[in-house]
There are 2 protein chains.
Amino acid sequence: MYTAEIIIMPLKELLDPQGKAVEHGLKNMSFSGMSNVRIGKFITIEVEAATEKEATEKVETACKKLLANPVIESYSYTLKPA
Amino acid sequence: MYTAEIIIMPLKELLDPQGKAVEHGLKNMSFSGMSNVRIGKFITIEVEAATEKEATEKVETACKKLLANPVIESYSYTLKPA
């Protein structure tokens, strides 16, 4: 059993409207010196697998086919034995 | 200048409908052995601050006042010199 921690972020080249909105929010609330806000997703999944290799393959496929949209997002993940 | 990486997750005690939806999606796509999916937010912010203490205070306040909803979410963060 492994716990996968997956980070999915909007690609750096693209505008991140949610991040921009939060950045304006911070400015409006007089938080100074905070910029370049980017907002993505953090997903934890428990993966049943005998080996780390098997778990990696499962998570990689899940990211590619369901979790991330490769046109606008990049993903990275770490696996920990649970 | 510091880069803050903030993780905001739904509290463990609460149902996470988005996570449940993804879990069903994975099952429907015949990904076996993946359970307990929880989905939160991953936020990166560039923080201008002279010391790590000052940066920590800024990020802590931003989390409390704008980024996280303490009723349903928990937050954690790390700071890296940029």
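Lettering follows sequence order; numbering is per chain, from 1. None of these values were measured; they are calculated from a predicted model.
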**OP:** Pick out which of A:Ile6, A:Ile43, A:Ile7, A:Ile8 makes a side chain to side chain contact (heavy atoms under 4.5 Å, CB included) with B:Phe42.
**Re:** A:Ile7
Original post:
Given the options A:Leu66, A:Val47, A:Leu67, which has more heavy-atom pairs under 4.5 Å with chain B than any of the others?
Top reply: A:Leu66
Subject >> Hydrophobic cluster membership, A:Leu14 vs A:Tyr75, 4.5 Å side-chain cutoff >> reply: no
**OP:** Identify the heavy atoms of A:Gln18 and B:Lys41 that sit nearest to each other, and give their distance.
**Re:** NE2-CD, 4.4 Å
Original post:
Among B:Glu48, B:Arg38, B:Lys65, which has the most heavy-atom pairs under 4.5 Å with chain A?
Top reply: B:Arg38
Original post:
Is it the case that one hydrophobic cluster holds both B:Met9 and A:Met9, taking links as side-chain heavy atoms less than 4.5 Å apart, direct or via other members?
Top reply: yes
Subject >> Gap between atom CE of A:Met34 and atom OH of B:Tyr2 - 0.5 Å precision >> reply: 13.5 Å
Original post:
By a 4.5 Å heavy-atom criterion (distance strictly below it), what part of A:Met1 contacts chain B: side chain, backbone, both, or neither?
Top reply: neither
Original post:
Between B:Gly33, B:Gly19, B:Ala49, which shows the greatest number of heavy-atom pairs under 4.5 Å with chain A?
Top reply: B:Gly33
Original post:
Any chance NZ of B:Lys80 has more than 12 other-residue heavy atoms, nucleotides or ligands included, within less than 6.0 Å?
Top reply: no
Subject >> Per-residue contact mode, A:Thr3 against chain B (heavy atom under 4.5 angstrom) >> reply: neither
Original post:
Can you tell which of B:Ser32, B:Ser35, B:Gly25 has the highest number of heavy-atom pairs within less than 4.5 Å of chain A?
Top reply: B:Ser35
Original post:
Most heavy-atom pairs under 4.5 angstrom with chain A, which of B:Asp16, B:Thr44, B:Asn36?
Top reply: B:Thr44
Original post:
Of all heavy-atom pairs between B:Leu26 and A:Ala62, which one has the smallest distance, and what is that distance?
Top reply: CD2-CB, 3.8 Å
